Amino acid sequence: MDALFYKNPDHGRAWSMLCEGPLELHFIGASVTSQREGWADRFACFARAQSGHDHTLVKSAMGGVGLLFGVANYGSPAPNGLRRLLFIEFSTGDLNLGLTPLDRLASWLDHLVQRALADGAHVVIVHNWRSDFAVDDKPGIRSTYDTVALKYALPVIENHRFADALLNIGEIARETLFRDVCHTQPEGAARYAQHVLLCLQEMSLKCGQPPRELPLVTHRAPLGPISFFDLPTGTLSPDCGREATYTYPTTLQSFRVLEVPCSHTMAMIVSGSLLGISFLSGPRTGWVDLSIDFKQVRRFRCFDRNSFYERYILLPAVFELSNSELHLSCAPIDVQFSLAAKPHPDFALPRLMKIVQLAGIDLAIRSCSVRLST
C-alpha cells in the first residue's frame with residue numbers, strides 16, 4: 001500500500017533536521033511508545049540508517065498514563081547543543097477515558113507545545129491505532145490534538161488510519177501487527193516507524209507553499225509550568241510505612257514511593273493548582289480517598305485488571321488550593337480481586353496506599369505527615 005496518512009505538512013523541517021546532523025529524537029507518550037523495541041526504537045534505527053547521523057534516542061514514555069504525565073514529565077532542553085525532534089503520542093492513552101479530563105486536554109497540550117517550542121524543539125504529533133476505537137473519534141480525543149496541532153502548524157502522523165487501511169484491505173493480519181488492543185508486534189512497530197519516516201520524507205518533497213509564520217506565543221515559555229512535585233523526605237517513620245523506589249522497566253525512569261498502610265492517613269497542607277496525583281497500582285493496592293479541608297472530593301481506583309503486577313498510574317484531581325488540608329487514605333471498599341487478569345499471592349495481604357507524586361502548577365507542600373486514621 002502506497003498511501004501515506006498525515007495532516008499539516010511541516011514543509012520539510014523534520015526531514016531537513018534529520019539530514020543535517022545528529023539530533024535528539026525525543027519520544028513522549030503512552031505504553032505503545034514506551035515498548036522495548038517498539039516503534040520509537042525502530043524509527044531511530046531507520047532514521048540513523050537513512051540520514052547517516054548518529055541520532056540520540058530518548059523515551060520519556062510510560063504505560064497506563066495520559067497527557068498529564070507528558071506535560072509534567074517534560075524535561076529540560078536537549079543537552080550538548082543537540083536539536084530536539086519531539087514526538088508526542090498520548091492519544092492512545094487518553095482514549096482510556098478518564099485519564100485526562102476532556103475539558104483540560106486542549107489546554108494541557110497547548111501548554112506542552114508552548115514549552116517545547118520555547119526550548120527550540122520541532123514537534124510532531126502521532127496518533128496510533130486502538131482496536132476499540134480504530135479510526136473512530138467519538139470522544140473527540142484525536143480531533144482535539146489535531147486542533148492544537150493546526151494552531152501551531154505541527155504535523156500530525158496518522159498511524160491509526162495507516163494501520164486501519166492495512167487491515168481493511170487485507171494486506172496483513174491483525175495479529176501480525178498487534179499483540180493486543182494497541183501494542184505492536186515487531187512487524188507492527190517496523191510498519192509504524194517506516195510510515196512516520198516516509199511521511200516526513202514526503203512532506204519535504206511536497207513543500208508547496210512556504211511555511212506560515214508561527215504565533216509569537218510559541219516562542220516564550222508559559223508561566224507556571226505544569227510539573228511533578230515530590231513529597232518531602234522524612235515523611236514516614238518506621239511505624240507508619242516505608243519509602244521504596246519504583247523503576248519503570250522499559251525506560252528506566254525511577255520514582256520514590258511512599259507506602260502507607262491502610263490504618264494510616266497522609267495529611268498535607270498544600271497551596272497552588274493541583275492537577276493530579278500519581279500512585280502505584282499493584283497486587284497490594286485498592287481504593288484511595290482524597291479529602292480537601294475535611295470534605296471528600298475524589299475516590300481513586302488503584303486496582304484494576306492489570307494489578308497482578310506493579311505499575312505507575314497518574315489520575316486527575318483538579319483543584320485550586322490555598323493552604324488547604326489534604327488527606328489521603330485507603331477507602332473502606334472491598335477490592336474485587338477477580339478483576340485482575342491474573343492471580344497473585346499478594347492479593348491475600350493487607351492493602352497499602354502507594355503514593356508517588358503530585359502534579360500541578362506552583363504547588364507548595366507546606367507540611368506532610370502520616371498518622372493513624374481516626
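From a predicted model like this one, the values you see are computed outputs, not experimental measurements.
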Classify the ring geometry of His327 against Phe294: parallel below 30°, tilted from 30° to 60°, perpendicular beyond 60°. perpendicular
Quick one: do the Asp10 and His122 side chains pair a donor with an acceptor below 3.5 Å? yes
Going by an N to O cut-off under 4.0 Å, is there a salt bridge joining Arg284 and Glu310? no
How are the rings of Phe303 and Phe337 set relative to one another: parallel (under 30°), tilted (30 to 60°) or perpendicular (over 60°)? perpendicular
| said: Between Asp289 and Arg299 (salt bridge meaning N to carboxylate O under 4.0 Å), is one present in this structure? | reply: yes
Could you check, using the six-membered ring where one of them is a Trp, whether Trp129 and Phe178 have ring centers closer than 6.0 angstrom? yes
Is there a ring pair (Phe, Tyr, Trp, His ring centres under 6.0 Å) between Phe43 and Phe87? Walk through the geometry before answering. CA-CA 11 Å; Phe43 177 86; Phe87 295 88; 5.1 Å; yes
Donor on one side chain, acceptor on other, Thr251 and Gln253, under 3.5 Å:
yes
One should read off an interatomic distance between Asp146 CG and Asn8 CG, to the nearest 0.5 angstrom, of 7.5 Å
Quiz item: What do you reckon, are the aromatic ring centroids of Tyr246 and Tyr312 less than 6.0 Å apart?
Solution: no
Tell me whether Arg142 is salt-bridged to Asp94, with the criterion being a basic N under 4.0 Å from an acidic carboxylate O.
no
Taking atom types as modelled, find out whether Asn323 and Ser271 have a side-chain donor-acceptor pair closer than 3.5 angstrom.
-> yes
Does His55 reach the main-chain N or O of Leu18 with its side chain, forming a donor-acceptor pair under 3.5 Å? yes
Report yes if the distance between the aromatic ring centroids of Phe308 and His344 is under 6.0 Å, otherwise no. no
Exactly one candidate in Lys151, Arg115, Arg104 meets salt bridge (Lys or Arg N to Asp or Glu O under 4.0 Å) with Asp110; the answer is Lys151
Margin query: A side-chain contact here means heavy atoms from C-beta on lying under 4.5 Å apart; do Leu197 and Gln194 qualify?
Written below: no
Review point. Taking 4.0 angstrom as the limit, do Asp132 and Arg130 come out as a salt bridge?
Key: yes
Note: Thr33 and Lys59 closest approach over all heavy atoms is O-CD, 3.3 Å
task = Would you confirm whether the ring centroid of Trp39 sits within less than 6.0 angstrom of the ring centroid of Phe27?
result = yes
- Task: Give a yes-or-no answer on whether the side chains of Tyr6 and Glu202 include a donor-acceptor pair shorter than 3.5 Å.
- Result: yes
Discussion item. Taking the side chain as everything from C-beta on, heavy atoms only, tell me whether Val124 gets closer than 4.5 Å to Leu86.
Written reply: no
| message | Assess whether a salt bridge exists between Arg83 and Glu24, defined as any Lys/Arg side-chain N lying under 4.0 Å from an Asp/Glu carboxylate O. | response | no
Exercise for review: Using the six-membered ring wherever Trp is involved, compare the ring planes of Phe228 and Phe69 and label them parallel, tilted or perpendicular (cut-offs 30° and 60°).
Suggested key: tilted
Just checking, any donor-acceptor pair under 3.5 angstrom between side chains of Thr265 and Ser373? yes
- Is it true that Asp304 and Arg311 have a side-chain N and a carboxylate O under 4.0 angstrom from each other? yes
Within-4.5 Å side-chain heavy-atom neighbours: Leu112 and Leu67
yes
